[in-house]
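Below: one structure, written as C-alpha cells.
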Amino acid sequence: MIALTICLMLPVSGLAGPSICGAPLDTNATSSDGFCWNATTFGGFNYPVNKHRDFVASENWWGERLQYIEKDGQDELGKNNPGNHVIGEGELIYSTRQFSNKYELVSELGLNVNSTPAELGGMFYYKLPWFGKPYATVENDARQLANIVITQGGSDKKTLKAGDTWDLGKGYSLAVNQVDVDGKKVWFSLCKNGKELESGIVNADGTVESQIFTATADFGDGKDQLYFMTYIDSVFMSATDSVAVFKYTWLIDKDDILIIENGDEYQGFEVIETSKDGVVLENSKSITLNLDKDVKNYFTDSWYFQTSDKGKGSTSPSGYIILPAKELDKPGNYTLRGVPVDTAVASTDGFYWDATTFGGFNYPINKHRDFIASENWWGERLQYVEKDGQEELGKNNPGNHVIGEGELLYSTRQFSEKHKVVSELGLNANTTPAELGGMFYYKLPWFGKPYVTVDNDPTQLANIVINQDGKNKKTLKAGETWDLGKGYSLTVNQVDVEGNKVWFSLSKKGEELESAIVEADGTVDDKTFTATADFGDGKDQLYFITYIDSVFVSATDSVAVFKYTWLIDKDDILIIENGNEYQGFEVTETPKDGIVLENSKSITLNLDKDKKNYFTDSWYFQTSDKGKGSASPDGYVIYPAMDVVVEDKNATEPAANSTEEANVTSTSNESENISADYRTAPSSEVADSEGMNSGPEETAEGSSAKLPGFGIVSGVFGVLACLAFRRKS
C-alpha cells in the first residue's frame with residue numbers, strides 16, 4: 001500500500017510539465033560539426049528579435065550556442081556513425097557572448113550621444129544570456145553578472161497615487177511619498193526589504209535630465225555603477241488624488257552578483273574560457289543518450305536531449321533524431337515560435353514552416369522522416385505563395401508587409417499511427433485482434449492538435465479523449481470509476497472469485513454504453529476489449545479499446561489493471577467541406593489524404609517587435625521593427641508564434657505573467673524571464689488527450705489472494721450482461 005501510494009503521487013511518465021525544443025537533427029544526415037543550435041533554433045536560448053542579425057552572424061555573433069565538437073576520435077556523432085549515442089567528456093560546448101542593449105529611455109525618446117543624460121554613462125548597457133536567462137554585465141564585463149529585476153517596456157506605464165508602493169521584485173520597491181501642491185514634482189523613495197536606498201524629488205514638467213532619476217553604488221568589481229533609473233512621465237492632481245506616472249524603469253540587483261571564473265562548474269559544465277566578451281564551457285562528464293522517445297536525457301538542471309527511438313532517422317537502421325529541450329517548470333506565459341525568416345535574405349518561396357520549424361504544429365518525433373519528406377509528407381505546413389504579382393514578400397521587396405488574400409496557405413495531411421496495444425505488445429498483421437480492424441489508425445493535425453480521422457477520411461475528425469501511453473497503467477479497485485474525460489468513464493463493477501476476470505462498464509454522462517467481462521489470464525484477444533458504433537459517415541467504427549493487463553485480489557480489495565486504453569469522442573465529429581471557413585482560413589481543397597486552406601482576407605503586418613499580428617484565433621506573426629533585417633534598411637524578421645500558459649498547480653489565483661523581453665506588453669520581471677520558445681515537446685511528451693484529463697496513472701501491482709466472488713445473484717446478472725453486451729469473455 002505504501003508503494004501504491006507513492007506511485008499515485010508521482011507525476012505521470014510522459015505527461016510532465018510542457019517543454020520547448022530545438023530544431024531536430026537526423027544523425028543519418030548530419031555531419032559531426034552540424035550539431036549546433038543557436039538562439040534561432042533552440043527556444044531555451046534568449047532571443048531578442050531586433051538583434052537577429054548579430055545573433056546569427058557567422059563571425060562575432062552574440063548570444064548563445066550549443067555545439068558538439070568531436071575530440072577523442074571515438075564514438076563520433078553524425079552520419080559517419082549514425083548509431084553512436086555517447087557524447088564524450090568535453091565534447092558538448094556551451095558558449096555565450098554579451099550584447100549591447102539600448103536603455104528604453106534612450107530608444108523610446110530617440111536620444112543620441114549628445115542628448116543622453118550623463119548619469120546613464122552612455123546610451124547602452126550590456127547583457128549576457130546565461131543558460132537562457134539574460135543578465136546585465138557589471139562594467140560591461142561578461143564575467144560579472146547581475147540579475148535584471150525589471151525593465152519597463154517602452155509602451156508601459158506605472159501610475160501611482162501618493163502613498164502607493166510599487167513592488168519591483170527581489171525585495172525592491174518604489175514608494176510615492178508626496179506630490180507637490182502645484183502638481184509638477186513628485187517625491188519618492190527606492191527601498192529594499194523595507195530599508196530606504198535612495199530618495200529623490202523629480203520635476204515632471206522639464207527636460208529629460210530633470211525628469212529622470214538614477215542611482216549608483218559599488219558592486220562586483222565596479223565603482224559607482226548604475227543600478228537603477230526611472231523617468232517621471234507626468235504628474236497630475238484631481239479633487240481627491242495626486243498621481244505620478246513612471247516610465248522606462250530599469251533596475252538590477254546590486255546585492256547578488258555572479259562572478260564567473262575558469263574552472264568553475266555550472267549545471268554539469270566546466271568553464272574553460274573567460275573574457276570580457278563571453279564565456280565558454282564544456283560538459284564535465286560524458287553523456288550516454290537513452291534512445292527512447294519517452295526518455296529525457298538531462299545535461300543541465302532543466303535542459304535535456306530528446307531523441308527518437310533507435311532507427312527512426314531517415315535511412316540507417318541505427319540512426320535517430322536528436323534535439324535539445326527545456327522543461328517549463330515555472331508557471332507563467334510562454335511563446336512557442338517558428339524559425340525566424342529575414343525578408344532581406346529569403347526568396348518568395350522561403351516563407352515556409354513545417355512541424356520541425358514551428359512549435360505550434362503537432363510533431364511526433366518518431367515520424368520525423370515522413371513529416372519532412374519532400375513528397376508525400378505528413379503533418380502541417382504554413383507557406384506564403386505569391387499569387388497576384390503585387391507586394392511580393394521577400395528579398396525582391398524586403399519592406400513589403402502585406403500578405404494578400406489567398407497567399408498564406410495552411411496544409412495538413414493525415415498520418416498513420418499504430419494502436420498502443422499493437423506497438424507495445426509487438427503484434428503484427430496476423431496476431432492483431434480482428435476487432436481492431438487493423439494495426440493502424442489515422443490522425444490529422446488540425447491547427448496544431450491531432451485528431452483521429454473517421455473511416456480514415458481527413459474530412460471527418462474525432463477528438464482523442466485518451467490514448468494511454470504504453471508505460472502507464474491504471475489500477476482500479478472494484479467499485480471505482482475512472483474519469484476518462486469528455487463525460488466518458490470506466491467503472492469496475494466486480495472481480496470474480498478466482499481473481500482472473502473483471503466485469504466493467506463504459507459510460508458517458510452516467511449512461512452505460514458498453515459492458516463486458518474480460519479474462520486477464522488469456523490470450524491478447526481475450527484480454528482486449530473493443531467497442532464500435534455508427535458515427536460520422538462511417539458504420540460500425542471503432543471508438544474504444546482497453547486491455548486488461550492483470551487482475552489480483554488481496555485480503556481487503558480486488559483490483560484490475562488497465563493498459564493501452566484508447567478512446568475517441570464518437571458524439572462530436574467535425575465535418576470539413578470545401579468553402580468552409582476556420583479561424584480566418586477558407587477550405588480550398590479536400591483530397592483523400594489531407595486539407596488545404598488559404599487566408600480569406602489580406603494580412604497587413606504591423607512592423608513592431610511588441611505587436612502580435614494574429615492570423616488565426618491563437619497563431620500570430622511576430623516581427624522585428626522595420627529595418628532590423630540583415631541588410632536592407634526596409635527589411636525585417638518574421639516568424640509565426642503562439643502563446644501558452646503554464647498554470648501554478650499550487651496556487652488558487654492565476655499565475656503571474658512571465659513574458660519574453662521581445663514581447664513585453666506589461667511591466668516584466670526580468671529575473672523570471674526566459675526566451676521565446678522554439679517549439680513544444682514532441683507529441684510523446686504531451687498527452688493525446690490534449691489536456692482533457694490527467695492521464696493514466698502508473699501503479700504497482702499487489703499480491704494475489706482470494707476474495708469472495710461476484711455472488712450468486714450478481715454472478716447470474718454478470719453472465720447475462722456478458723452474453724448481451726460482450727466483446728470478449
Side-chain angles (χ1 to χ4, degrees), residues 39 45-57 59-64 96-130 133-156 207-209 211-231 247-254 257-258 260 275-279 608-610 624-630 633 637 660-662 664 668 670-671 673 675:
F45 290 159
N46 177 243
Y47 174 68
V49 67
N50 266 4
K51 299 188 181 298
H52 174 90
R53 177 174 54 208
D54 296 302
F55 265 60
V56 301
E59 296 181 7
N60 299 319
W61 49 264
W62 298 346
E64 299 164 280
T96 179
R97 294 182 185 171
Q98 68 176 355
F99 60 96
S100 62
N101 212 78
K102 272 187 182 179
Y103 293 108
E104 292 288 345
L105 173 79
V106 173
S107 59
E108 291 296 323
L109 296 182
L111 305 181
N112 56 34
V113 175
N114 297 322
S115 57
T116 297
E119 295 93 328
L120 270 63
M123 300 167 62
F124 299 88
Y125 68 103
Y126 281 79
K127 289 182 180 180
L128 183 84
W130 183 250
K133 176 182 170 183
Y135 289 77
T137 63
V138 180
E139 276 198 313
N140 301 336
D141 184 346
R143 294 163 293 195
Q144 304 181 69
L145 306 182
N147 269 290
I148 302 171
V149 180
I150 190 171
T151 179
Q152 197 175 11
S155 59
D156 299 329
T207 63
V208 172
E209 285 82 357
Q211 291 182 247
I212 190 177
F213 176 84
T214 61
T216 61
D218 298 340
F219 52 93
D221 290 338
K223 301 293 184 181
D224 199 29
Q225 296 290 306
L226 181 71
Y227 75 93
F228 174 73
M229 80 164 69
T230 195
Y231 177 85
K247 294 181 72 175
Y248 317 135
T249 305
W250 178 88
L251 172 66
I252 62 175
D253 190 357
K254 63 182 179 62
I257 306 302
L258 174 63
I260 301 171
S275 69
K276 187 164 183 168
D277 292 328
V279 183
D608 185 328
K609 69 180 178 63
D610 296 329
S624 66
D625 294 341
K626 180 181 178 181
K628 292 298 183 178
S630 60
V637 176
E660 191 268 332
E661 63 183 65
V664 174
S668 67
E670 287 263 0
S671 64
N673 285 355
S675 65

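We count residues from 1, following the sequence as given.
A distance-only check finds a donor-acceptor pair linking the side chain of D218 to the backbone of D224 [under 3.5 Å]. Between the side chain of E64 and the backbone N or O of N46 there is at least one donor-acceptor pair closer than 3.5 Å. Distance alone, capped at 3.5 Å, is enough to place a donor-acceptor pair between the S115 side chain and the N112 backbone. Put simply, the side chain of Q144 gets close to the backbone of D221: a donor and an acceptor are under 3.5 Å apart. Side-chain atoms of T96 come within 3.5 Å of backbone N or O of P129 as a donor-acceptor pair. Between the side chain of K133 and the backbone N or O of N147 there is no donor-acceptor pair closer than 3.5 Å. Q98 places a side-chain N or O within 3.5 Å of a backbone atom of N140 that can act as its donor or acceptor partner.
Among all heavy-atom pairs drawn from G220 and I257, the shortest one is N-CG1, 4.1 Å. Here the closest heavy-atom approach between residue V138 and residue A146 is recorded as CG2-CB, 4.2 Å. For the pair S100 and W62, the tightest heavy-atom approach, listed with the atom from each and the gap, is OG-CH2, 3.8 Å. D625 and D608 get closest at one heavy-atom pair: OD1-CA, 3.4 Å. Taking both residues in full, the closest heavy atoms of G629 and V637 are given as CA-CG2, 4.4 Å, listed atom of the first, atom of the second, then distance. The two atoms that bring A136 and I252 nearest to each other are CB-CG2, 3.8 Å, heavy atoms only.
Between M229 atom CE and L120 atom CG the span is 3.5 Å, to the nearest 0.5 Å. Distance check, rounded to the nearest 0.5 Å: OG1 of T207 to CD1 of I212 gives 10.0 Å. In this structure, the separation between OH on Y126 and CG on L128 is 12.5 Å, given to the nearest 0.5 Å. E108 CD to K247 NZ: the interatomic distance, rounded to the nearest 0.5 Å, is 7.0 Å. Taking OH of Y248 as the start and CD of Q152 as the end, the distance is 9.0 Å to the nearest 0.5 Å. Here I150 contributes atom CD1 and T249 contributes atom OG1; the two are 6.5 Å apart, rounded to the nearest 0.5 Å.
Looking at V106, L105, N101 one by one, the single match for side-chain contact (heavy atoms from CB on, under 4.5 Å) with M123 turns out to be V106.
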**Study point:** Working for side chain to side chain contact (heavy atoms under 4.5 Å, CB included), residues K127 and I148
**Key:** CA-CA 9 Å; K127 289 182 180 180; I148 302 171; 3.8 Å; yes
Practice item. For W130 and L145, run side chain to side chain contact (heavy atoms under 4.5 Å, CB included): C-alpha distance rounded to whole Å, both residues' side-chain angles, the deciding distance at 0.1 Å, then the answer. Key: CA-CA 9 Å; W130 183 250; L145 306 182; 4.0 Å; yes
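Between V49 and K628, every side-chain heavy-atom pair lies at or beyond the 4.5 Å cut-off.
Under a cutoff of 6.0 Å and an axis angle of 45°, K254 and Y227 form a cation-pi pair.
Atom CZ of F213 has more than 12 neighbouring heavy atoms from other residues, nucleotides or ligands inside a 6.0 Å radius.
For residues 135-144, the pairs satisfying salt bridge (charged side-chain N to carboxylate O under 4.0 Å, His left out) are D141-R143, with sequence neighbours left out.
Remark: Y103 pairs with Y125, W250 by the ring pair (Phe, Tyr, Trp, His ring centres under 6.0 Å) rule, at least two apart or across chains.
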